[in-house]
Amino acid sequence: MSFNIAIDGPAGAGKSTVARKAAKELGFIYVDTGAMYRTIALYMLREHVNIEDEEELARALDRISVSLRYRDGIQHMFLNGEDVSSQIRTPEVSAKASLTSAKAAVRAKLINLQKDLAARENVLMDGRDIGTCILPDAQLKIFLTASVDERARRRYLELKEKGEDCDLASIREEIALRDYRDSHRESAPLKQAGDAVLLDTSDMDADEAVRRVVELARERMRVS
Ligand code: DC
């Protein structure tokens with residue numbers, strides 16, 4: 001049987017960095033489920049699909065095939081056979097993914113892909129509903145979070161480093177809005193699973209968070 005680790009938490013908490021490094025250390029496959037929602041959102045943007053129209057959304061979903069492949073241990077996303085791994089990282093796609101991922105039909109399309117991966121391999125999967133919906137029997141669940149101010153500060157520094165012109169107050173506002181949307185939607189809202197370990201990284205650097213995740217995983221692997 002495979003060993004599954006679920007890491008959930010809000011945007012900008014450092015989940016993907018921590019999850020990727022911890023997976024590498026543990027020899028697990030890292031599955032970034034946000035990238036799957038982003039891939040669908042990219043299609044909706046490109047094709048100008050009105051996602052509020054259920055029939056139009058359902059027709060669009062029928063035309064999409066989402067798959068993933070690993071190259072040198074890095075997850076690449078494919079949309080109808082095209083590698084869209086870099087196109088899905090724009091702010092437009094982030095905003096659209098927050099809206100499209102709230103749709104039950106969109107979530108239904110990705111559930112089997114996520115569950116099948118976890119059934120076959122030892123995975124460390126990150127997202128919003130992994131511990132609560134996708135892998136309710138995961139051997140380890142972690143809810144990784146940080147305060148809104150700290151997440152905004154990290155994002156601000158990241159963008160500044162890339163030379164982008166940005167403003168801390170609007171980044172903070174955007175993060176707070178995404179949190180609200182992700183945790184108030186009807187379909188699989190972001191929430192901590194009852195049996196998840198809470199890891200608040202507000203005063204922790206990424207390496208410390210990775211160490212903690214790896215420690216927790218090794219403890220659980222010993223007892224299971
Ligand atoms: O983690 P991220 O920013 O790449 O996620 C993109 C969007 O997808 C975000 O708005 C939350 C949503 N998402 C989700 O609803 N469920 C998941 N398991 C992963 C991401």
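Throughout, numbering of the chain's residues begins at 1 and tracks the sequence. Below, each value reflects all heavy atoms present in this structure, side chains not excepted, and no hydrogens, waters or symmetry copies.
Between the Lys109 side chain and the Ile64 main chain, a donor and an acceptor come within less than 3.5 Å of each other. Side-chain N or O atoms of Lys96 include none that pairs as donor or acceptor with a backbone N or O of Tyr43 at under 3.5 Å. With Glu47 contributing its side chain and Ala60 its backbone, the two residues share no donor-acceptor pair below 3.5 Å. Using modelled atom types, no side-chain atom of Arg178 and backbone atom of Ala95 make a donor-acceptor pair closer than 3.5 Å. Judged by distance alone, with hydrogens and angles left aside, the side-chain atoms of Asp8 form a donor-acceptor pair with the main-chain N or O of Gly131 at under 3.5 Å. When atom types are taken as modelled, the side chain of Gln139 and the backbone of Ser2 share a donor-acceptor pair closer than 3.5 angstrom. Although no hydrogens or angles enter the test, the distance criterion places no donor-acceptor pair under 3.5 Å between the side chain of Ser147 and the main chain of Ser202. At least one donor-acceptor pair under 3.5 Å links the side chain of Ser85 to the backbone N or O of Met77.
Counting heavy atoms of neighbouring residues, nucleotides and ligands inside a 6.0 Å radius, atom CD of Glu55 does not exceed 12 of them. Counting heavy atoms of neighbouring residues, nucleotides and ligands inside a 6.0 Å radius, atom CG of Asp116 exceeds 12 of them. The number of heavy atoms from other shown groups lying within 6.0 Å of CD (Glu173) does not exceed 12. In this structure, Tyr180 places its OH atom where only 12 or fewer heavy-atom neighbours from other residues, nucleotides or ligands lie under 6.0 Å away.
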Can Leu61 and Val106 be said to form a side-chain contact (heavy atoms from CB on, under 4.5 Å), step by step? CA-CA 7 Å; Leu61 288 172; Val106 172; 4.2 Å; yes

Between Leu159 and Arg155, is the side-chain contact (heavy atoms from CB on, under 4.5 Å) condition met? List the steps. CA-CA 6 Å; Leu159 291 172; Arg155 181 83 187 125; 3.7 Å; yes

Pair Ile29, Leu117 - check side-chain contact (heavy atoms from CB on, under 4.5 Å), show working. CA-CA 9 Å; Ile29 291 180; Leu117 275 165; 5.8 Å; no

Let's go through Asn4 and Met125 carefully: what are the C-alpha distance in whole Å and the side-chain angles of both, what is the deciding distance for side-chain contact (heavy atoms from CB on, under 4.5 Å) to 0.1 Å, and is it a yes or a no? CA-CA 8 Å; Asn4 294 159; Met125 189 175 282; over 6 Å; no

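A pairwise comparison of heavy atoms in Ala35 and Ile88 identifies O-CD1, 3.8 Å as the closest pair. Considering every non-hydrogen atom in both Ala188 and Asp129, the closest pair reads CB-OD2, 3.7 Å. Across all their heavy atoms, Val18 and Ala206 have their closest contact at CG2-O, 4.3 Å. The heavy-atom pair separating Ala146 from Thr201 by the smallest distance is CB-OG1, 3.6 Å. Shown here for Asn50 and Glu56, the closest heavy-atom pair between the two residues is N-OE2, 2.9 Å. Of all heavy-atom pairs spanning Ala196 and Phe143, the tightest one is CB-N, 4.2 Å.
Within the 4.5 Å cutoff, side-chain heavy atoms of Arg181 are placed close to those of Leu99. In this structure, Ser101 and Arg107 have side chains that are in contact, with non-hydrogen atoms separated by less than 4.5 Å. No side-chain heavy atom of Leu140 sits under 4.5 Å from any side-chain heavy atom of Glu219. Ile134 places none of its side-chain heavy atoms less than 4.5 Å from the side chain of Thr33. Contact check for Ile142 versus Val213: side-chain heavy atoms found under the 4.5 Å cut-off. Residues Leu57 and Thr100 form no side-chain contact, since every pair of their non-hydrogen atoms from C-beta on lies 4.5 Å or further apart. Side-chain contact between Arg128 and Lys15 is present, with heavy atoms from C-beta onward closer than 4.5 Å. Residues Val31 and Tyr70 are in side-chain contact: their nearest non-hydrogen atoms beyond the backbone lie under 4.5 Å apart.
Salt-bridge annotation for Glu82 and Arg46: present, with a side-chain N of the basic residue lying under 4.0 Å from a carboxylate O of the acidic one. Between Arg38 and Glu92, no side-chain nitrogen of the basic residue sits less than 4.0 Å from a carboxylate oxygen of the acidic one, so the salt-bridge criterion is not met. We find that Asp195 and Arg220 are not joined by a salt bridge, their nearest charged nitrogen and carboxylate oxygen being 4.0 Å or further apart. A salt bridge links Arg71 with Asp83: the distance from a Lys NZ or Arg NE/NH1/NH2 to an Asp or Glu carboxylate oxygen falls below 4.0 Å. Ion pair Glu150/Arg153 flagged as a salt bridge, since at least one NZ, NE, NH1 or NH2 atom sits closer than 4.0 Å to an Asp/Glu carboxylate oxygen. Using a cutoff of 4.0 Å between basic side-chain nitrogens and carboxylate oxygens, Glu215 and Arg218 are not scored as salt-bridged. The residues Arg20 and Asp126 are annotated as not salt-bridged, no charged nitrogen and carboxylate oxygen being separated by less than 4.0 angstrom.
For the salt bridge (Lys or Arg N to Asp or Glu O under 4.0 Å) criterion with Asp179, the lone passing option out of Lys191, Arg151, Arg172 is Arg151.
Following chains of ILVMFWY side-chain contacts shorter than 4.5 Å, one can reach Met44 starting from Val84, so the two form part of one hydrophobic cluster.
Both cation-pi conditions hold for Arg69 and Phe78: the charged atom is under 6.0 angstrom from the six-membered ring centre and inside a 45 degree cone around its axis.
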